[in-house]
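Have a look at the structure below, then the notes.
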Amino acid sequence: MESQTTRATAVRQALARRARTAYTPPELQVLTQYVLGHLTQQQANEQLRTLGLTLTLASSAASPQPA
């Protein structure tokens, strides 16, 4: 299981990569729930896929990527 620090780092990296295009409130809600540990990566991906994103593991951190 990933630590909250790992989850937060992954989301920060993802937000930085997509800085030119703002995340929508539903995307941010899912990412927040993932960082806080309320969702597993699989659960987050299930919700993010409906929004056109996927969390993928890259260099020990998860990053949302276009689906």
Side-chain angles (χ1 to χ4, degrees):
M1 182 180 256
E2 301 135 350
S3 71
Q4 186 172 0
T5 301
T6 302
R7 292 169 185 251
T9 299
V11 171
R12 272 194 301 276
Q13 290 173 349
L15 291 172
R17 273 194 286 276
R18 193 171 147 184
R20 286 183 250 160
T21 306
Y23 281 93
T24 65
E27 292 168 331
L28 289 173
Q29 178 70 24
V30 173
L31 293 172
T32 299
Q33 294 301 310
Y34 172 71
V35 168
L36 295 175
H38 299 291
L39 296 173
T40 65
Q41 181 182 355
Q42 181 179 356
Q43 292 168 324
N45 274 334
E46 288 172 4
Q47 293 184 34
L48 288 172
R49 279 188 193 107
T50 65
L51 302 169
L53 298 172
T54 304
L55 284 171
T56 56
L57 291 178
S59 66
S60 75
S63 306
Q65 301 292 326

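No path of Ile, Leu, Val, Met, Phe, Trp and Tyr side chains, each step under 4.5 Å between heavy atoms, connects Leu31 with Leu36, placing them in separate hydrophobic clusters.
Judged as a side-chain contact (heavy atoms from CB on, under 4.5 Å), and not counting sequence neighbours, the contacts of Gln33 are Gln29, His38, Leu39.
Contact detail for Gln4 and Val35: the closest heavy-atom pair is CG-O, 3.3 Å. In plain terms, the two heavy atoms of Arg7 and Tyr34 that are nearest each other are NH1-O, 2.6 Å.
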